[in-house]
Every structure is written in C-alpha cells, then in structure tokens.
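Values below: every heavy atom of this structure, side chains too, minus hydrogens, waters and symmetry copies. In what follows, residues are counted from 1 in the order of the sequence shown. First listed ligand is number 1; within each ligand, the first listed atom is number 1.
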Amino acid sequence: MSLADDYKRQFGWRPWPSIFDALPSLPEQIVLDLGCGVGDQAAEFAARGARVIGIDANEELLRQARARRLPNAEFRLCDLRASPDLGVVVDGLWCSFTASYFPDLPAALAAWAKHLRPGGWAALTEIDDLFGHEPLGSPTKALLDAYARDALAAGRYDFFMGRKLRNHLERSGFAVLKTLTLEDQELAFAGPARAEVLDAWRSRFDRMQLLRVFCGPNFERVREEFLGCLACAGHRSTAEVYCCIAAKTGAPAAGARTR
Ligand SMILES: C[S@@+](CC[C@H](N)C(=O)[O-])C[C@H]1O[C@@H](n2cnc3c(N)ncnc32)[C@H](O)[C@@H]1O
C-alpha cells in the first residue's frame, strides 16, 4: 500500500467531525492547509464553502490531492521549513498531524502567521506520545523513548508535540479559544485494535526506516511486541490527540502556560 493509500485509509479513524464542528464559520473563508497530504481535510473545507490553499512537500501526495478536482482548492509543492512567502493572506491556518515535524514550532508559527489576517484563526491538531500504548515491556519502552529523544534532538520530529500546542500558540501571538482532547480509532483508543488498524500500524513501522536503523537487530522484536500490545484485550493508550483552536492577537503572550 502506498503512503497516499495509507493516509486515505486513516481518514475514517480520525475525529474530524468533532474538530470541524468546533471551527469558526467557514463559508467564504480562505484557509491555508499546512501539510495537506492527499487533500482529505481540504475536501472537508471545500464542502463547507471555504477556499483552500494546500501546501505540502510531497509531490506524490499532492498529485492525489489535485486529482480530486476540488472546487475552490489549489495545492502547491513547498517545503514549509524554508519559511516561504506564499503571497497570500488567509482567514484561517489549518495544520493537522504536521506540527510535530516542526520541533521549533514557535518559529514555524511566526512564519505561517505572516499569512494570517489580524484576528484570523488557527486550528492545530496533533498526536501526543505516538508510541504511548500499554502493556509494553521496559526494554521496548526504553528503546522507543530513546528514539523519540533522538528525533527531538535532531530537530526531526517532536513525539510530545500534542501537549505543547497550547503553550507554543500562546508564545506565538495567539489566544487559545478551545482545546479538545479526542479519541482516535487508530492512535488513541482502548481495547484490542481491529485487523485493519493493526495493518496500518505495521505499515507505519515499515515506513519508519530511521527507527529500523535506531533499533538495529531489535527492530522486528520491537515491532511485533508493539503490534501484540495493540491487539491484546488489555490494551490501552496513553497517547492523546489534541486540537487547539486559537485567534491571532498579534502580540506574543508574556508568560506562556504549560498544559
Ligand atoms: C502525517 S501527514 C498529515 C496529513 C494531513 N494534514 C492529515 O491530517 O491527514 C504530515 C504531512 O506533512 C507534510 N510535511 C511534513 N514536513 C513538511 C514540510 N517541511 N513542508 C511541507 N510539508 C511537510 C508531509 O508530506 C505530510 O503530508
């Protein structure tokens, strides 16, 4: 299964209805979709009467997004790390499951907020503690924790971004209006995973080539133990999916709060 197919399959497991219900009114709004992937959320915005500009660095995913031929949507190839000037002013910033790729999120938010009109809104959704599932043995937990620390130190990915969204937004000139904690049928759930969810996790592990290198000869053992944990009757997640909806105030907050 391709990455695009994996992303399309995940769409049905995410808590999108709860998130879209919490957004400001969308008709006539212009929304910048940061890390738009295959355009699933852009399709939701277009269906609600918004105009969407989707940005992603992956041309394969963008091809799928463009093939939808959505009304009022355009998709641009762009590396958001380069803080590009997109030449647009928008009403809303949407960033779902992409913030973790920007461990220095305040710097990224400062660049993205330049495209947002004063008083405009931002909706950031992110997983917190992707590998937070129990029961796992101590050696496997220790290896996954070490991998998460390595990814953060290298500036690749912050596995604990979900809990930091609020603080980062407040430090970056946004007033947080709502924080939602959401269930997710693949990422944050209790009880044994369904077969297709297990298959999606196997696919995720197989895509994580850096994790394979990091774990070395332990990779297969770690993957199988993790999948066994998801499949067992006593499975529970400590991982959480958070969504923060905020308004641009223009002035970074003096004292940022930690969640
Ligand atoms: C986990 S996917 C989320 C896709 C979609 N937003 C969703 O919620 O299903 C993360 C997306 O961010 C994109 N991405 C990661 N780093 C990026 C960067 N530096 N510039 C542009 N896009 C990036 C990836 O290509 C991918 O499509």
Pair Gln29-Trp121, side chain to side chain donor-acceptor pair (under 3.5 Å): steps then yes or no: CA-CA 10 Å; Gln29 297 261 297; Trp121 55 270; 2.7 Å; yes
Output, or 'none' if empty, a list of ligand 1-protein atom pairs in which both atoms are N or O and the distance is under 3.5 Å, rounded to 0.1 Å.
{"unit_1": "ligand 1", "atom_1": "6 (N)", "unit_2": "Gly35", "atom_2": "O", "d": "2.7"}
{"unit_1": "ligand 1", "atom_1": "6 (N)", "unit_2": "Ser96", "atom_2": "O", "d": "2.8"}
{"unit_1": "ligand 1", "atom_1": "6 (N)", "unit_2": "Ser96", "atom_2": "OG", "d": "3.1"}
{"unit_1": "ligand 1", "atom_1": "8 (O)", "unit_2": "Ser96", "atom_2": "O", "d": "3.1"}
{"unit_1": "ligand 1", "atom_1": "8 (O)", "unit_2": "Ser96", "atom_2": "OG", "d": "2.6"}
{"unit_1": "ligand 1", "atom_1": "9 (O)", "unit_2": "Gln41", "atom_2": "NE2", "d": "3.4"}
{"unit_1": "ligand 1", "atom_1": "12 (O)", "unit_2": "Thr98", "atom_2": "OG1", "d": "3.3"}
{"unit_1": "ligand 1", "atom_1": "19 (N)", "unit_2": "Asp79", "atom_2": "OD1", "d": "2.8"}
{"unit_1": "ligand 1", "atom_1": "20 (N)", "unit_2": "Leu80", "atom_2": "N", "d": "2.9"}
{"unit_1": "ligand 1", "atom_1": "22 (N)", "unit_2": "Ala57", "atom_2": "N", "d": "3.2"}
{"unit_1": "ligand 1", "atom_1": "25 (O)", "unit_2": "Asp56", "atom_2": "OD1", "d": "2.6"}
{"unit_1": "ligand 1", "atom_1": "27 (O)", "unit_2": "Asp56", "atom_2": "OD1", "d": "3.4"}
{"unit_1": "ligand 1", "atom_1": "27 (O)", "unit_2": "Asp56", "atom_2": "OD2", "d": "2.6"}

Salt bridge Asp199-Arg9, side-chain N to carboxylate O under 4.0 Å: yes
side-chain contact (heavy atoms from CB on, under 4.5 Å) against Arg48, all qualifying residues, sequence neighbours excluded: Phe20, Leu26, Glu44
Close side-chain approach of Asp33 to Gln41, heavy-atom, < 4.5 Å: yes
Plane angle bin for Phe226 and His133 - parallel if under 30°, tilted between 30 and 60°, otherwise perpendicular: perpendicular
Passing candidate, side-chain hydrogen bond (donor to acceptor under 3.5 Å, both in side chains) with Gln185, options Arg194, Glu196, Arg14: Arg194
